[in-house]
Amino acid sequence: MKIVNVVGARPNLIKIAPIVKEMEKYEVIEQVLLHTGQHYDYEMSQVFFEELGLPNPDIYLGIGSASHAAQTAKIMVEFEKFSLDWRPDLVLVVGDVNSTMACALTAAKLNIPVAHVEAGLRSFDRTMPEEINRIVTDALSSFLFTPSRDADINLKREGISEDKIFFVGNVMIDTLVSFQDKIADTALLQQFDLARKNYLLFTLHRPSAVDNKIVLEGILKAIEQIQQDIPVLFPIHPRTAQRVEDFGLVNLIESMPNLIVTKPLGYLSNLQAMANAKIVLTDSGGMQEETTWLGVPCLTLRENTERPVTVTEGTNKVIGTGSTQIFEETRRLLRGLTISGRVPELWDGMSGERIVSHLLNNYIL
Ligand code: UD1
């Protein structure tokens with residue numbers, strides 16, 4: 001059984017790690033790891049291979065950054081060449097980035113079955129590039145591995161047959177569970193001179209938040225007020241760093257004495273930064289899930305979430321990108337209000353095992 005596991009962007013690496021490790025246990029599986037190169041900076045890619053113990057990619061397509069159409073098209077051209085040459089029995093894609101959709105679409109046109117891990121999530125907001133990627137990938141997949149029950153409902157509503165849908169839990173949490181012993185390490189806090197539960201972690205990278213000057217400036221103005229009360233750690237995504245410069249907001253950032261701006265953090269550092277934070281302010285999908293598992297309050301700086309279970313069961317609250325709202329909601333939490341939650345069903349560290357077991361059952365039995 002020849003399987004190509006596809007990664008392209010930072011969150012893909014965290015999601016693929018438990019699957020690659022599980023597949024290594026079975027001789028019957030011949031797997032290759034293919035990296036499209038959508039993310040290429042050391043901090044956005046290589047550091048995750050090192051920390052997560054992932055094997056180096058067998059194939060690196062070296063695509064890099066481009067517009068949506070150009071990036072998607074380049075990945076498709078290169079992935080088609082690879083697929084015609086290596087002839088996989090299955091293409092496994094994770095998440096919702098351009099690499100996910102591009103490889104799923106290429107495989108479907110070559111009649112190669114696609115397995116989609118993290119299927120069925122919907123924000124119902126088609127202005128989000130990831131929503132388009134999710135809808136297309138799910139429509140083309142033969143195996144849809146879902147992280148939560150809401151995802152199953154979304155897929156059935158879209159007419160996807162039930163026998164293709166497998167509720168397996170959350171692979172990102174598999175990785176977190178495998179690293180939980182390392183959370184207590186305080187090197188990161190020492191590095192930035194921060195105290196446990198006495199700082200905020202802030203991350204931002206969605207086009208809807210950072211590609212519009214008024215929105216980005218409003219968010220930073222809220223941070224300006226917040227950092228007067230508590231230090232804020234801000235690992236800055238390359239897209240955001242670029243926009244801060246484009247929009248002339250460097251001075252605003254540099255004027256905040258309690259805002260610690262740093263390069264994107266590696267996996268472990270980010271985990272420690274989340275686990276020890278008093279509050280996490282973010283627009284990341286993965287961090288909404290990770291904070292839910294960690295029991296850390298998360299304020300999501302978006303108008304919606306494709307991960308509603310983090311709100312209904314977890315510690316997440318979706319508050320939008322308005323400056324006043326961000327400041328008010330943060331202040332409420334700083335003054336003692338809390339968001340309590342529980343760990344959602346099957347977010348137990350075993351999702352990779354379930355996925356591989358379903359695939360083996362289907363192909364071998
Ligand atoms: C992508 C995903 C997003 C995911 C995010 C995680 C899509 C449509 N978006 O967004 O869903 O949440 O990754 O990080 O697939 N850049 C660098 N170095 C890199 C990578 C990017 O400098 O290693 C810069 C480039 O200027 C690039 C910009 O960041 O143009 C955006 O990169 P891109 O991969 O297009 O989207 P992300 O915003 O990273």
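We use all heavy atoms of the structure for the numbers below, so side chains are in, but hydrogens, waters and symmetry mates are not. All figures in this text were calculated on a predicted structure; none of them were measured in a lab.
Without hydrogens or angle criteria, Ser323 side chain to Gly218 main chain gives a donor-acceptor distance under 3.5 Å. Under a 3.5 Å cut-off, the side chain of Asn5 and the backbone N or O of Leu33 do not form any donor-acceptor pair. In this structure a side-chain-to-backbone donor-acceptor pair under 3.5 Å is missing from Asp85 to Phe82. Put simply, the side chain of Thr186 never gets that close to the backbone of Leu189: no donor and acceptor are under 3.5 Å apart.
Nearest approach of Asn212 to Phe247, heavy atoms of both residues: C-CE1, 3.9 Å. Counting all heavy atoms, side chain and backbone alike, Val280 lies closest to Ala277 at CG2-CB, 4.2 Å. Annotation for Val210 and His205: closest pair CG2-O, 3.9 Å, computed over non-hydrogen atoms. Across all their heavy atoms, Glu51 and Gly266 have their closest contact at OE1-C, 3.6 Å. The two atoms that bring Pro18 and Thr175 nearest to each other are CD-OG1, 3.3 Å, heavy atoms only. Summarising the geometry of Val296 relative to Met274, their closest heavy-atom pair is CG2-O, 3.6 Å, with the distance given to 0.1 Å.
Residue pairs meeting the ring pair (Phe, Tyr, Trp, His ring centres under 6.0 Å) criterion with at least one member in residues 213-234, sequence neighbours excluded, are Phe202-Phe234. The list of side chain to side chain donor-acceptor pair (under 3.5 Å) pairs with a residue in residues 253-272, not counting sequence neighbours, reads Glu43-Lys263. Pairs of residues two or more places apart, or lying in two chains, that qualify as salt bridge (charged side-chain N to carboxylate O under 4.0 Å, His left out) and include a residue from residues 283-296 are Glu289-Arg307. Counting only residues at least two apart or in different chains, side chain to side chain donor-acceptor pair (under 3.5 Å) contacts with residues 93-103 comprise Thr36-Ser99, Gln38-Ser99, His68-Asn98, Gln71-Asn98, Asp96-Arg134, Asn98-Asn133. Sorted by first and then second residue, the ring pair (Phe, Tyr, Trp, His ring centres under 6.0 Å) pairs involving residues 89-138 (not counting sequence neighbours) form an empty list. Identified under the side chain to side chain donor-acceptor pair (under 3.5 Å) test for residues 228-241, with sequence neighbours left out: Asp211-Arg239.
Counting heavy atoms from C-beta outward, Thr291 and Thr282 have side chains that stay 4.5 Å or more apart. A heavy-atom distance below 4.5 Å is found between the side chains of Leu360 and Val356. Here the side chains of Glu303 and Thr321 are in contact, with some heavy-atom distance below 4.5 Å. In this structure, the side chains of Leu281 and Ile223 come closer than 4.5 Å at one or more pairs of heavy atoms. Two residues are said to be in side-chain contact when any heavy atoms from C-beta on lie closer than 4.5 Å; Met172 and Leu176 fail this criterion. Between Cys298 and Thr292 there is no side-chain heavy-atom pair separated by less than 4.5 Å. When side chains are defined from C-beta on, Pro231 counts as touching Leu194, because their heavy atoms get closer than 4.5 Å.
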Check: residues 329-336 side-chain donor-acceptor pairs under 3.5 Å, at least two apart:
{"from": "Glu329", "atom 1": "OE1", "to": "Lys317", "atom 2": "NZ", "distance (Å)": "3.0"}
{"from": "Glu329", "atom 1": "OE2", "to": "Lys317", "atom 2": "NZ", "distance (Å)": "3.2"}
{"from": "Glu329", "atom 1": "OE2", "to": "Gln325", "atom 2": "NE2", "distance (Å)": "3.4"}
{"from": "Glu329", "atom 1": "OE2", "to": "Arg332", "atom 2": "NH1", "distance (Å)": "3.4"}
{"from": "Thr330", "atom 1": "OG1", "to": "Ile326", "atom 2": "O", "distance (Å)": "2.6"}
{"from": "Arg331", "atom 1": "NH2", "to": "Glu328", "atom 2": "OE1", "distance (Å)": "3.2"}

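In this view, Ser284 satisfies the side-chain hydrogen bond (donor to acceptor under 3.5 Å, both in side chains) rule with no residue, not counting sequence neighbours. Ser148 pairs by the side-chain hydrogen bond (donor to acceptor under 3.5 Å, both in side chains) definition with Asp150, not counting sequence neighbours. Qualifying side-chain hydrogen bond (donor to acceptor under 3.5 Å, both in side chains) partners for Thr146, counting only residues two or more places apart in sequence or in other chains: Asp152.
Between Tyr60 and His35, the angle of the ring planes goes over 60°, which puts this pair in the perpendicular group of the 30/60° scheme.
Under 4.0 Å is where a charged nitrogen must lie from a carboxylate oxygen, and between Glu224 and Lys221 no such pair does. Comment: Glu313 engages Arg342 in a salt bridge, judged by a side-chain N to carboxylate O separation of less than 4.0 angstrom. Between Arg206 and Glu130 there is a salt bridge, since at least one side-chain N of the basic residue sits less than 4.0 Å from a carboxylate O of the acidic one.
Members clustered with Ile132: Met76, Met101, Leu105, Val136, Leu140, by chain and number, using a 4.5 Å side-chain heavy-atom cutoff among hydrophobic residues. The hydrophobic side chain of Leu121 is isolated, with no ILVMFWY side chain under 4.5 Å apart from it.
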Starting from the C-alpha separation in whole Å, work towards a yes-or-no answer on side chain to side chain donor-acceptor pair (under 3.5 Å) for Tyr26 and Gln31. CA-CA 10 Å; Tyr26 297 93; Gln31 60 168 323; over 6 Å; no

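Exactly one of Arg122, Arg157, Lys156, Lys164 qualifies for a salt bridge (charged side-chain N to carboxylate O under 4.0 Å, His left out) with Asp138. That residue is Arg122.
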